[in-house]
Amino acid sequence: MAQRAVARRHDRRTEDVLVTAGATEASFLLARARPWQRPVVVHPQLTTPDVALRAAGRTSIHVLCRPGNGFALEPDSIPADADLVVIGNPADPTGRLHPAATIRALCRPGRVVVVDESFMDFVPGQPDGLAGHRVTGLLVIRTLAKLWSMPGIPAGYVIGDPAVLADLRAQQPPWSVSTPALHAIAATAGPEAAREAVRRARRTEQHRRILVDGLSELGVEVAASSAPFVLARLGSAARILRGQGIAVRRVDTVPGLDDTWIRITVPEPPVTRHLIAALGVHTAWR
């Protein structure tokens, strides 16, 4: 049921889809799927792929996207002999949306390219989504935990090259995806859910613009984002905001970032105004 629903949504065959207990299970299945020799993880992004590869006895190579060019991916920075490349799109925590053509250009014989699109549902129209692209060696990971706010029900799927999916499927334990998760995957793959997803994405886009404009007016450096969060360079401001009852996320544990950056989830406009006001009366972060 869930597998067929996802296949219909992305105009794929059912064998092109593997339902999973969220993106985390997908990362661990991937890490064990093949004896990777030169796995590359493009950072900054969350370190789940690194953790999964390490648990499988593999050491990942880091390729860093730099703030100087807006955290853009430079294809030439990927080692030619990389047999696995993992990239987030939009990336977490930068929010950077890489062009689909740039990622497709990474695909080549003998290489698997995995795109974590956990936040792609927040991009209206998803012009750079790759779930519908039939490319040898390309896999896309999706999860319901973000747009649909279901962290308590691990649910997601991997879509792409059926030959690679067969290797992931061989690693998946029986009944790893719960019945509620299967129903949720099927429900969020339908046309009514698609309309609701667009509505939520547009609302997030509007609220993000308010947040970015407010931060920019204060002179804060903000990375361009297509996600439901922004990466801002605020130095010690995290302590200031926490003192005002505003929780922000540290990112200094992410390769390529340090403690001058923080990730701010896009809030409702009243919370944004509170955040901007809290920063506006302090100068310690400047």
Side-chain angles (χ1 to χ4, degrees), residues 2-20 23 25-43 45 48-49 52-53 58 60-61 63 65 71-92 96-143 156-172 185 189 194 226:
Q3 186 177 6
R4 289 195 299 271
V6 171
R8 284 195 300 270
R9 175 188 175 185
H10 296 289
D11 191 25
R12 301 293 294 257
R13 300 168 300 179
T14 54
E15 57 264 37
D16 295 345
V17 177
L18 174 67
V19 295
T20 64
E25 186 194 26
S27 293
F28 277 79
L29 295 176
L30 173 72
R32 299 192 302 266
R34 292 182 178 180
W36 310 110
Q37 300 300 308
R38 294 276 285 173
V40 168
V41 180
V42 178
H43 281 287
Q45 69 166 297
T48 302
L53 285 164
R58 310 296 172 191
S60 55
I61 300 163
V63 169
C65 299
F71 297 103
L73 172 65
E74 298 178 355
D76 291 343
S77 65
I78 304 297
D81 60 349
D83 55 354
L84 173 67
V85 179
V86 184
I87 182 169
N89 203 39
D92 183 3
R96 174 75 193 206
L97 181 65
H98 303 289
T102 299
I103 296 177
R104 284 191 56 151
L106 300 178
C107 297
R108 61 185 60 182
R111 174 185 291 174
V112 173
V113 176
V114 180
V115 190
D116 185 341
E117 292 189 355
S118 293
F119 293 98
M120 187 62 74
D121 284 327
F122 288 94
V123 181
Q126 303 184 23
D128 291 296
L130 288 164
H133 292 230
R134 294 175 175 84
V135 180
T136 301
L138 177 66
L139 296 183
V140 172
I141 296 174
R142 292 284 186 103
T143 180
Y157 54 90
V158 188
I159 191 166
D161 186 336
V164 185
L165 283 184
D167 293 332
L168 271 68
R169 190 173 283 111
Q171 299 295 326
Q172 190 174 38
I185 293 169
S226 296

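None of the values given here were measured: they were computed from a predicted structure.
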> Tell me if the CZ atom of R108 is crowded by more than 12 foreign heavy atoms within 6.0 Å.
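Check passes, neighbour count above 12.
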> Walk me through whether M120 and L130 qualify under side-chain contact (heavy atoms from CB on, under 4.5 Å).
CA-CA 10 Å; M120 187 62 74; L130 288 164; over 6 Å; no
> State the CG-CD1 distance between L18 and I141, to the nearest 0.5 angstrom.
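It comes to 10.0 Å.
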> Taking only residues two or more places apart in sequence, or in another chain, which ones meet D81 in a side chain to side chain contact (heavy atoms under 4.5 Å, CB included)?
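Side chain to side chain contact (heavy atoms under 4.5 Å, CB included) check on D81 returns R38, P79.
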> Check Q172 against E25 and note the closest heavy-atom contact, atom names and distance.
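Heavy-atom minimum between the residues: NE2-OE1, 3.3 Å.
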> Taking all non-hydrogen atoms of both residues into account, name the closest pair between P35 and D83 and its distance.
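Looking at all heavy atoms of both residues, the shortest contact is O-OD2, 4.4 Å.
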> Please report the closest heavy-atom contact between P75 and T102, naming both atoms and the distance.
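Minimum heavy-atom contact is CG-CG2, 3.7 Å.
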> Evaluate the side-chain proximity of V40 to L84: yes if any heavy-atom separation is below 4.5 Å, no if none is.
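With C-beta onward as the side chain, the pair stays apart.
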> Hey, does V114 have a side-chain heavy atom less than 4.5 Å from the side chain of V112?
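When only atoms from C-beta onward are counted, V114 and V112 do touch, with a gap below 4.5 Å.
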> Just how far is it from atom CG of L73 to atom CD1 of I78, taken to the nearest 0.5 Å?
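Taking CG in L73 and CD1 in I78, the distance rounds to 5.5 Å.
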> Is any side-chain heavy atom of D92 closer than 4.5 Å to a side-chain heavy atom of S118?
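Not touching, per the 4.5 Å side-chain cut-off.
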> Identify the heavy atoms of Y157 and H10 that sit nearest to each other, and give their distance.
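That would be OH-NE2, 2.8 Å.
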> Please report the closest heavy-atom contact between P99 and D128, naming both atoms and the distance.
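Smallest interatomic distance, heavy atoms only, reads CA-OD1, 3.4 Å.
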> So that I can tick it off, tell me whether R13 and D161 are bridged by a salt bridge, with the cut-off set at under 4.0 angstrom between side-chain N and carboxylate O.
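Looking at R13 together with D161, the answer is no, because their closest N to O distance does not fall below 4.0 Å.
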> Please tell me if the side chains of V113 and V135 come closer than 4.5 Å, counting only heavy atoms from C-beta onward.
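No, their side chains stay 4.5 Å or more apart.
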> Measure the spacing between OG1 of T143 and CZ of F119 and express it to the nearest 0.5 Å.
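CZ of F119 is found 9.0 Å from OG1 of T143.
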> Check L139, L29, I159 against L165 for a side chain to side chain contact (heavy atoms under 4.5 Å, CB included) and give me the one that passes.
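Option passing the side chain to side chain contact (heavy atoms under 4.5 Å, CB included) with L165: L139.
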> Within this structure, what is the NE2-OG distance for the pair H98 and S226, rounded to the nearest 0.5 Å?
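Reported value, rounded in 0.5 Å steps: 10.0 Å.
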> Less than 4.5 Å apart, any side-chain heavy atom of H43 and any of V41?
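Yes. Closest side-chain heavy atoms under 4.5 Å.
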> Hey, is R34 close enough to D167 for a salt bridge, meaning N to O under 4.0 Å?
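D167 and R34: salt-bridged.
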> What heavy-atom pair brings A52 and S27 nearest, and what distance separates the two atoms?
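Taking A52 first and S27 second, the nearest heavy atoms are CB-O, 3.6 Å.
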> First locate atom CZ of R169, then atom CD of E15, and finally report the distance between them rounded to the nearest 0.5 Å.
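So the gap between those two atoms works out to 9.0 Å.
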> Does the side chain of C65 come within less than 4.5 Å of V42's, by heavy atoms?
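Sidechains of C65 and V42: in contact.
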> What I'd like to find out is whether the side chain of L30 reaches to under 4.5 Å of the side chain of L168, using heavy atoms alone.
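Answer yes - side chains close enough.
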> Decide, yes or no, whether a salt bridge links D116 with R142 under the criterion of side-chain N to carboxylate O below 4.0 Å.
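Salt bridge flag = no for R142 with D116.
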> Using 0.5 Å steps for rounding, measure from the CZ atom of R111 to the OG1 atom of T136.
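If I round to the nearest 0.5 Å, the distance is 14.0 Å.
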